[in-house]
There are 2 protein chains.
Amino acid sequence: MSVGGSVAERAGAWASVRDRLRERGLRWTPQRRLMVDVLAQTDGHITGAELVERCRELDPATIPSTVYRTLDVLEQLGVIRHGHGRDGREEFHVLPQNEHGHLFCSGCSGSWDIEAPEASPLVRALRRQRGFAVDLSHLTVVGVCEDCSSDRGVARRS
Amino acid sequence: MSVGGSVAERAGAWASVRDRLRERGLRWTPQRRLMVDVLAQTDGHITGAELVERCRELDPATIPSTVYRTLDVLEQLGVIRHGHGRDGREEFHVLPQNEHGHLFCSGCSGSWDIEAPEASPLVRALRRQRGFAVDLSHLTVVGVCEDCSSDRGVARRS
DNA sequence: GGTGCAAATGCAAGAAGTCGCATCAGCCAC
DNA sequence: GTGGCTGATGCGACTTCTTGCATTTGCACC
Ligand SMILES: [Mn+2]
Ligand SMILES: [Mn+2]
Ligand SMILES: [Zn+2]
Ligand SMILES: [Zn+2]
C-alpha cells in the first residue's frame, strides 16, 4: 500500500494507523503510539537504531526488540518502507513523498537519490524481460561518481 | 582490478596473492594462507560468517576479526568483491567468472543473477546522465517476480 | 643468522539486530 | 465493568560484525 504526497494525506496516514491496526486484529499500544509520534516528526530516512534512540529520549524504557518488531508491522501496513544504506543496514523511508532509490559513490561517499525517471530503464527492462516488478524504494546502486573517476579516486582537483 | 575467466587465470590469481601482498608491503601469514586455501575451493558466493566457519573446520583457532579484516584486504587486491544478500549482509563474489548482480523476489524468496546485458539499460543511463560507473557486482534489485504478482503473492497455482 | 620496524593477530568490549519464551495487557463480547 | 482470548511486550541469550589496544611476528636489511 502506498501513501500519497500531500500534507493532508501524510497526516491522515499517521492518524489512521491506529484504525488500520485494529482492522487487522492488531493492537494499539503505548509503545506503538510513541513510535508513530516519533516517525510522524521524521523526514526522509531513519534506521532502527536511530529510532530506538529517539524513542528513548521520550521514554527511556523503550526496548529495542519491540521497536524492531513494530517497524516490521508498520512496513506491512505500508506506512514506511525499507531500503538499505551504504553499509547494507536497513533504512526506513518515512512516508516518502516520491518513491526513490539511492546512489552511493564508493570513492567520495557521496549519495544521491534515484528518482523514478532515472530508474525507469532498469524497471522497464526487468518488467519486459521477466515480468519482474522492481521495488524502487529498495534499490541501492553503488559505484564511482564522475568526479571520483576523473580524479582517479584520490587526487584533489585544482 | 578484475580477474579473468579462464581456469588458468583463476588459479593464477590465487597463486599470486602472496606476491601481490608483498608488493604492497603487506604480509603473508598462516591465517591468510588458510583463508586463501578455503576461498580457492569456493565457487560463487560466501559470507564472512560462512568463511569463519569453514576456516575453523581446518583450524579451530581461527579468529573472526582476523577473517573480516583479511576479507577487506583481499577485496582491495581485487581477488574478491562484495555485494549484499537478501538481508543486506555482505556476500563475497569469489573470483566471479562473469560479473553479475542479484535479483530477489520478496514474495517467493526466489533469486536470479543479473548479467551485464540485462543491467546495461541502468548502467548506460547512469553513465550518460551522471558519468556514474555502476558496480554491477554490488547491485541487488528487489521486487516481485512474475509468478508472485499473478498469484497475488499468496495463492498456489493450479 | 640476527635485528628492528611496521603490519597482523588475538582478545575483549561493544553495536545492531534477532529470536524464543514467559508474562502482560488491549480489546471484544457479554 | 469484567473476563478471557490472543497479540504485544520485556527479557535474556545469541549472531554477526566492528574497533581499540597490547602483543606477536613477517620480512627487509645487514
Ligand atoms: Mn556494500
Ligand atoms: Mn531489504
Ligand atoms: Zn565520488
Ligand atoms: Zn516470487
Side-chain angles (χ1 to χ4, degrees), chain A residues 16-39 45-77 79-80 82-92 109, chain B residues 17-38 45-77 79-80 82-92 109:
Chain A
S16 70
V17 168
R18 172 186 155 143
D19 294 333
R20 308 248 303 287
L21 286 168
R22 291 210 184 151
E23 281 164 21
R24 298 189 176 206
L26 307 178
R27 292 171 189 173
W28 182 241
T29 66
Q31 294 85 351
R32 290 181 174 180
R33 190 187 188 313
L34 174 62
M35 283 182 60
V36 167
D37 285 351
V38 170
L39 289 171
H45 313 102
I46 192 168
T47 64
E50 284 163 2
L51 182 55
V52 168
E53 188 136 351
R54 294 192 47 195
C55 285
R56 268 210 232 270
E57 287 168 14
L58 300 175
D59 177 1
T62 301
I63 301 296
S65 55
T66 298
V67 171
Y68 289 108
R69 284 189 280 229
T70 298
L71 281 168
D72 286 346
V73 171
L74 294 177
E75 188 162 21
Q76 282 163 35
L77 289 189
V79 82
I80 56 177
H82 86 267
H84 295 265
R86 188 184 311 284
D87 51 7
R89 281 167 52 198
E90 285 187 342
E91 268 183 16
F92 293 87
S109 294
Chain B
V17 168
R18 173 188 155 143
D19 294 332
R20 307 248 303 285
L21 286 168
R22 292 212 182 147
E23 282 165 21
R24 299 190 176 205
L26 307 179
R27 293 174 188 171
W28 182 241
T29 65
Q31 295 85 349
R32 290 181 173 178
R33 189 184 185 322
L34 174 61
M35 282 181 61
V36 167
D37 284 351
V38 170
H45 312 102
I46 192 168
T47 65
E50 284 163 1
L51 182 56
V52 168
E53 187 136 352
R54 294 193 47 195
C55 285
R56 269 209 231 271
E57 288 169 13
L58 299 175
D59 178 1
T62 301
I63 301 294
S65 56
T66 298
V67 172
Y68 288 108
R69 283 189 281 229
T70 299
L71 281 169
D72 286 347
V73 172
L74 294 178
E75 188 161 20
Q76 282 163 37
L77 289 189
V79 81
I80 56 177
H82 85 267
H84 295 266
R86 189 186 308 285
D87 52 7
R89 281 167 54 197
E90 284 186 345
E91 268 184 17
F92 292 87
S109 295

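By convention in this document, chain letters (A, B, ...) are assigned in the order of the sequence lines, proteins followed by strands, and residues within each chain are numbered from 1.
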Here the distance between atom C1' of C:dA7 and atom CD of B:Glu23, to the nearest Å, is 17 Å

Can you tell me how far C1' of D:dT6 sits from CG of A:Leu21, to the nearest Å? 15 Å

Just report the end-to-end axis angle for the helix from C:dG1-D:dC30 to C:dC30-D:dG1, five pairs per end, to 10 degrees. 20°

For A:Arg33, the side chain to side chain contact (heavy atoms under 4.5 Å, CB included) test, sequence neighbours excluded, returns A:Trp28, A:Asp37

How long is the line joining CZ of B:Arg24 and C1' of C:dA8, in whole Å? 16 Å

At under 4.0 Å, does any side-chain N or O of B:Gln31 touch on OP1 or OP2 of D:dT25? no

Closest nucleotide of DNA chain C for B:Ala61 versus for B:Gly25: which of these residues is on the 5' side? B:Gly25

By side chain to side chain contact (heavy atoms under 4.5 Å, CB included), A:Ser16 pairs with (sequence neighbours left out) A:Arg20

State which residues pass side chain to side chain donor-acceptor pair (under 3.5 Å) with B:Thr29; sequence neighbours excluded, sorted by chain then number. B:Gln31

With sequence neighbours excluded, tell me which residues meet side chain to side chain contact (heavy atoms under 4.5 Å, CB included) with A:Arg86. A:Phe104, A:Ser109, A:Ser111

Which residues satisfy the side chain to side chain donor-acceptor pair (under 3.5 Å) test with A:Glu75, sequence neighbours excluded? A:His82

Find the distance A:Ile63:CD1 to D:dA13:P and express it as a whole number of Å. 15 Å

Just how far, in rounded Å, is P of D:dG26 from CZ of B:Arg33? 13 Å

In the structure I gave you, are the side-chain heavy atoms of A:Pro64 and A:Arg56 within less than 4.5 Å of one another anywhere? yes

Which whole-number value in Å describes the distance from B:Leu77 CG to C:dA8 P? 10 Å

Partner of B:Ile80 under side chain to side chain contact (heavy atoms under 4.5 Å, CB included), picked from B:Ile46, B:Leu71, B:Leu51, is B:Leu71

Name every residue in residues 46-57 of chain A that has at least one heavy atom under 4.0 Å from any atom of DNA chain C, in order of residue number, or write none if there are no such residues. A:Ala49

Apply the test side chain to side chain contact (heavy atoms under 4.5 Å, CB included) to residues A:Thr62 and A:Thr66: give CA-CA distance (whole Å), side-chain angles for both, the deciding distance (0.1 Å), then the verdict. CA-CA 8 Å; A:Thr62 301; A:Thr66 298; over 6 Å; no

Quick one: A:Glu91 CD to C:dA16 C1', roughly how many Å, whole number? 14 Å

Please encode protein proximity along nucleotides 18-30 of chain C as a string of B, S and -, counting only heavy-atom distances under 4.0 Å. -BB----BBS---

Got A:Leu77 and A:Arg24 here, is their nearest side-chain heavy-atom distance under 4.5 Å? yes

Can you list everything that forms a side chain to side chain contact (heavy atoms under 4.5 Å, CB included) with B:Asp87? Sequence neighbours excluded, please. B:Arg89

Rounded to whole Å, please give me the gap between CZ in A:Arg89 and P in D:dT18. 11 Å

Taking OP1 and OP2 of D:dA8, is either one under 4.0 Å from a side-chain nitrogen or oxygen of A:Thr66? no

List in chain and number order the residues that pass side chain to side chain donor-acceptor pair (under 3.5 Å) with A:Arg32, two or more places apart in sequence or in another chain; answer none if no residue qualifies. none

